[in-house]
Structures are given as structure tokens and as C-alpha cells.
Amino acid sequence: MKCLLVANESAEVLFYWTDTEFEQQVQKQYGVSQEEGEGLPAFEDSINTLFAPIIISCSTMVDRLMDNYTSFSTENNHIYVLHQFEECLYIAVNGDGDETKEDLKRKIYVMKKLIEIMFGMVTFSGALLRKELRPRDTEQRNRLWKKLRSLLETYSRLRENDQSFLVEAVERLIHPTLCEQCIEFLERRLVQQINSNMDRAGEEVLHAFILVQTKMLAFYSSRSASSLSNSDLLALIILVQDLYPSKIDPVCFSIPDVFYTPEPSPPERESGDLQTLEVPTSDPSAPSRVFLEAKECPMMPHSMYCLSLCPGITLVLLTKIPNSHVAVSAYCFLETFVKLEKRLCEGHEGAAAMRGQPSIQEQRSKLEKFIKAWTSQLQNVWTDFKNKAFSRSGSGFTRDLLPSCRNMKTQLCGVYRQFFATECMGSSQRLAPHLQERALNMVQEKLIHWKDFLLVKSKRNITMVSYPFFFFLTLFPGLIHFIYVDRSDGRMIAPSLNVTDHTVSELGKGPLADFIKSKVWSLVATAQQYLQKGYTTVTLRDGDYFYCYFLWFENETGYKLEVIDIPSSPDDGAPVGMLTCDYYRKLLRYYSKKHQNEVLKCYELFTVHLGVIPSEYILQHCSQLARKLWEPSRIPLL
């Protein structure tokens, strides 16, 4: 009994997703009310009827009280969580008890993140976002909604089964030699060859990485590229997993831990014959348009190429596209008008309204040059704004300028949409198909003898009974599981936790392994709740188990810094994590106020012990375990 809906202030549904149980319940509810002889109403109409009172109620509260409710429960124990983002209201519902309020809030924020990745700065304009999410063409709308629903379901599957998405950090495959070779290969051969080729249509590869299922084998960024944020990288992995879902192969789980050294890769003339998956689009060479955070613009347009080497292994290329500097200019101007609108709404007028860096007056000549060079659609609204703001007959910088200011914002977003929306991607604006095929073949040749090993490794990356982790068991008796996260780099490490019926592992198989998994998921949820309240250390006993959670800061030499009180998060704030809103980046910024001349690191450790171990030993174990994991000789990738 699950549902997620996005609506605008006019109670118009812009997107919805339901599971089968919720859909059946709605059809039953509104089917009964139909007169005899009439068919069931269109399901979208039923959804509209069901949620319209809630949406109108929220809009009324915002208009009259400047406030809104964030959640409520019904008599039949359905939980509703609501969040207003600008002109869009997101509503998540659960009626089967599988999800908490925090789960529903996280799902809302994830949906918002995925929409931002797909539409970029268009999300700043409610009117334009409506056109994107609810196209007039029914077939086009159905395709888009099907894609968004699939992305949401992919995220839910990963969150439920993958430890890296549980703690929202990227897990790397632990094989230092191969990882290093692949990074060097991406830098010196693959990216270099593509960027020097004349058939790249003006595009430039900025980032290239290889995924094995959800785990990172190798990642390379060019020197001219902005760092790829942890939030964007996790969202991109969702996109890749949606395109090429992980398939659980029983053979992978039954293979015992062995030390495996594959044969060296063959020379180029003996190219491999790995079979590629068919891309489920009409044009296999067509890239996806994604909008990612960059230094110059928080939603910089990129082209994303997902090339499947074989089922489970994917090469991803992120390219800079021609005219991307238009996005930088559009965002710079938009930011200026957003600041002006805020100051006008706060009651500032005249010179006080224009304060800020840069001001409208300073941007005036640059904006006119931008309009002349790139777009004429801004001319009318810009002329209207100038007449009201700068002429003697105009209202000047008062609240009367707000409508013109908002029109400028909408038109700037429109220019951005005109240049970078998906439908504007012409067939010539992409890496040539033969260039993509060449890139794919190069990576296939590199990994031809590693394929089976990598697929097994992705399922059993680290186990508690493999070296060097077996050594940990002798040092830390009673330790059942741990998750170690470097929040500064967004990386995590944890023993594999496979719970399918085919799994044979140190946790056993079937119900026992599933029981341990439920304990780990419960620990993370509990720790995040306490972290939101400002607690950085949590210890608790649950029956036969003892849970520990620690968050701490270190300088770049590994010296542990003093514990400070961290601010608690508001109930309606973003959830703890890195995917939807990088909570830990804000935490590092807050802590660095007292350490302004130091490079700070933030770490987390989650542990599950047998409850029979005395608590004083468990706490000692956690401290020693953190030090062991930090040592480069133990885990080279950390």
C-alpha cells in the first residue's frame, strides 16, 4: 500500500506512482461509487479525486498561515508525509506499515533529486516544470512517467538490498592492483583517445568510470573537470542500475573465497568477444542528458553515455557539451534575480533592494550582451523590467517590481530549457557511434579475463572470513558486522551481506542471514534518527545483540579531534545522508569553523556485536577497529 505523488498549486497531478495494492484499493473505492452500467473512472482521475482535498488544504494553509503540515495518519493507519518545494507539493503514502515517516520523507527527497538530475534549472520554474512533467502528448507523458516510476522503484530496491545505498556512500571493489591499472587505462588511453578524435561533435569527456553492479571499479576525472559530488554520483548509479539492473546469479554466491589471478589480457589483435546488452532505446548511441553540480553552475548540463560491457559491468562517460557556458551565464543572471526577489519580498526598496553581489545594475550590460548574442525571447520581458526599474516613469525597486522580476526568472529558465532540454538533443550532437563502439571494445579487451572474477567479487567484495578480515575476528571476538564510512570522500566499506536462499556465507543462509540484515538496517535507521537530534555516539542493546554507532572528525594526519555538540536538524529538514542533500558536507563546514586552517575528515562506524561480550570490551573493540581500517596497509582504497 504505497504511493508517491507530485502536484502543483492548482491541484493538478504532475506525476504519480503507486504499487499494485494501492492501485487496487483506489479502484475499489471509486469503482463502487459508479452508477450501474458505467465503467471504472480513469485511474488518474481517481487519484486526482483522492488527493485534491489534501492539496487544496495545503495551498490554503500556505496562503493564509504561511505554514503547512508535514505529516498525518488516518484512522486506517495510513501515513501521509508532505513536503512543499517551491510550487510543487510532494506527497508520499504508506498503508502497510513497511515504511516510517522518515522513509517516506527520504523517498520524497530522492524523487526531487532525480527530477533535478533529469531537468536541471527548469525545476526553478513551476510553469516550465509542469510542461516537462506533464506533456500534452499522452504517449510522451506515459513514457516519461514510466521512466520516473522505474527510477523510483530502482532506488527502493537498492535502498532495501544494498548497503552502499543504505548509508548512501559508494562502495569500491577491493582489488588495488586492478583498480589502479583501470584508472591509468581510463586516463592515458580511453579518455585521451576520445578527446583527441574529430568525431566527438565538440563534446569532451570529463569523467569516466567503470561499475560492477553498484560497486566502483575505477573512476577518472580530467583536470579541467569539477569534482563529481557524492550526491550526483549516487544518483547516476541509480540511472545506470535502472538501465541495466543487477541480476543475482546463484553461481556467484556458491563460489567459495579463493585467491584468483587471471591470465594477462591478450594483445590488441586478439580482441575479446564479450557480448553487450542491447540498450532499451530506439537509438543505442543516444546519450542521456543529465544536470550535475559544478563549480560554475549547480546544474551544469552533461551528456551521459552508459555502455554495457557485459551484464553487470558498465562503462559510464560524462561529457561536457558545446554551449555549456550558456548555462553558466543563465544561472548567474537567475541567481541575481532570485536575490532581488528575496530582498523585495523582505520589504527592502531602492538602493537597499539592489545590495548584493553582483547587483542588477552591475549585471545590466552583461545581460544585454547575452540577450543579443544568444536569445531574443528575453528581450520583451527585459525591456519591461528595465522600464519599471530604471526609468523615471517606472515604479523603481519596490514591491511593484516583483511580477517583472518573476517573469525574468521564468524566461531565463526558458532559455536554459531551450538550449539543454532532452528534445533539443539533435542526432548530430553526440559522440559518433563508431567512437562509442571503439571505447567499448577497448574496455572489453582490458577486462576480458577479469569478467567472471569481477562479477563474483561484486557479490562477495569483502567477507568476515577472508583475509585480512579473518584477522579482525581474532582481534575482535563477538563482532558480527560493521560498516565503515569515510564521509569526506563518500566511500564505504563493509563485509558482504548476501541473504538470498542460494547464499552460503559466514552468516549462514536464508532466515539467519536475513535476520542479521534486518538488525543492520535497524541500526542504521536508529543511528540516523539520533544523529538528526545532535548525538554522535549511540550504544544500545537489543536482545542478544549490542549496537554501536560513532561519528568523529580527524585532521589529515589521522589525529582524532575533540568532540563538539553538533546542531540538531529540524523535523521537516532533509534526511541524513549524501544522496538528496549532503548532510555531512554541512556538518564538516560547521565543524571547520573551529579548525579553519586544517583539512578535516569525517568518519562513521556502525557495529553489531553479540550481546554476551561485556560493553567495555565492545567499546574498546570499536576504537581499535576504526584505527585498523584507517591504516593504508589494511585497506589501500581507504
Side-chain angles (χ1 to χ4, degrees), residues 172-201 203-222 236-237 240-241 243-244 246-247 249 251-252 255 258-281 283-287 303-319 430-459 461 637:
R172 296 182 181 246
L173 283 179
I174 306 299
H175 196 293
T177 303
L178 179 59
C179 292
E180 186 177 343
Q181 289 177 0
C182 288
I183 293 171
E184 185 178 348
F185 166 79
L186 291 176
E187 176 184 8
R188 298 187 179 180
R189 291 195 57 198
L190 186 74
V191 173
Q192 199 174 83
Q193 285 198 22
I194 293 176
N195 287 346
S196 61
N197 195 291
M198 298 298 292
D199 294 332
R200 56 190 174 93
E203 298 195 1
E204 177 189 354
V205 178
L206 298 179
H207 308 279
F209 55 94
I210 301 172
L211 289 173
V212 183
Q213 311 293 9
T214 60
K215 296 176 177 61
M216 186 70 68
L217 172 62
F219 184 95
Y220 168 74
S221 294
S222 70
L236 293 175
I237 293 175
V240 174
Q241 276 291 299
L243 195 59
Y244 303 117
S246 295
K247 294 183 179 180
D249 181 1
V251 176
C252 291
I255 297 176
V258 294
F259 297 100
Y260 174 67
T261 304
E263 297 176 7
S265 298
E268 246 182 78
R269 67 177 185 273
E270 298 176 22
S271 62
D273 59 351
L274 293 179
Q275 297 299 310
T276 61
L277 290 175
E278 289 186 4
V279 180
T281 63
D283 185 354
S285 65
S303 287
M304 178 183 179
Y305 298 84
C306 297
L307 309 176
S308 178
L309 281 69
C310 69
I313 305 179
T314 310
L315 169 67
V316 180
L317 303 175
L318 296 171
T319 65
R430 68 185 65 175
L431 299 176
H434 74 84
L435 198 56
Q436 296 182 45
E437 185 178 352
R438 174 59 184 155
L440 190 63
N441 289 337
M442 288 171 66
V443 182
Q444 286 176 338
E445 291 167 12
K446 178 68 180 176
L447 298 178
I448 181 65
H449 287 293
W450 291 92
K451 185 192 77 166
D452 293 335
F453 167 77
L454 288 172
L455 292 174
V456 173
K457 186 71 173 170
S458 71
K459 298 299 182 183
N461 192 24
L637 286 177

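The analysis underlying the following values was restricted to heavy atoms, covering all of them including side chains, and did not include hydrogens, waters or symmetry mates. Computed from a predicted model, the values in this text were never measured in an experiment.
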*Output all residues satisfying ring-ring contact (aromatic ring centres under 6.0 Å, His included) with Tyr305, sequence neighbours left out; order by chain, then residue number.*
none
*Are any non-hydrogen side-chain atoms of Leu217 and Cys179 less than 4.5 angstrom apart?*
yes
*Check Leu309 against Leu440 and note the closest heavy-atom contact, atom names and distance.*
CD1-CD1, 3.9 Å
*According to the interplanar angle, ranging from 0 to 90°, do the rings of His175 and Trp450 count as parallel (below 30°), tilted (30 to 60°) or perpendicular (above 60°)?*
perpendicular
*Heavy-atom closest contact (Val191 atom, Ala208 atom, distance)*: CG2-CB, 3.9 Å
*When you look at Leu318 and Leu206, which way does the side chain to side chain contact (heavy atoms under 4.5 Å, CB included) test go after all the steps?*
CA-CA 6 Å; Leu318 296 171; Leu206 298 179; 5.5 Å; no
*Compare every heavy atom of Arg200 with every heavy atom of Ile194, then report the nearest pair and how far apart it is.*
O-CD, 3.3 Å
*What is the minimum heavy-atom distance between Glu203 and Arg430, and which atoms define it?*
OE2-CA, 3.6 Å
*Measure across Ser308 and Tyr244 and return the closest heavy-atom pair with its distance rounded to 0.1 Å.*
CB-CZ, 3.6 Å
*Under the side chain to side chain contact (heavy atoms under 4.5 Å, CB included) rule, what do Leu178 and Leu173 come out as? Steps first, then yes or no, please.*
CA-CA 9 Å; Leu178 179 59; Leu173 283 179; over 6 Å; no
*Taking Ile210 as the fixed residue, which of Leu454, Val443, Leu190 is the one that meets the side-chain contact (heavy atoms from CB on, under 4.5 Å) rule?*
Val443
_Whether the side chain of Asn195 engages the backbone of Glu204 through a donor-acceptor N/O pair (distance < 3.5 Å, no angle test) should be reported._
no
*OG1 of Thr314 to CG of Leu307: how many Å apart, nearest 0.5 Å?*
9.0 Å
_If you define the side chain from C-beta out and look only at heavy atoms, does anything of Val212 sit under 4.5 Å from Lys457?_
no
*asked:* Can you give me the closest heavy-atom contact between Gln213 and Ser458, atom names plus distance?
replied: CG-OG, 3.3 Å
*Between atom CG of Leu435 and atom CG of Asp199, what is the distance when rounded to the nearest 0.5 Å?*
6.5 Å
_Nearest 0.5 Å, please: how far is CG in Leu455 from SG in Cys310?_
5.5 Å
*Measure the CD1-CE distance between Ile183 and Met216 for me, rounded to the nearest 0.5 Å.*
9.5 Å
*Whether over 12 other heavy atoms sit under 6.0 Å from Gln193 CD*: yes
_Restricting to side-chain contact (heavy atoms from CB on, under 4.5 Å), what partner residues turn up for Glu437, sequence neighbours left out?_
Asn441
*asked:* Looking at Leu431, is its backbone amide N or carbonyl O close enough to the side chain of Gln436 to form a donor-acceptor pair, meaning the two atoms are under 3.5 Å apart?
replied: yes
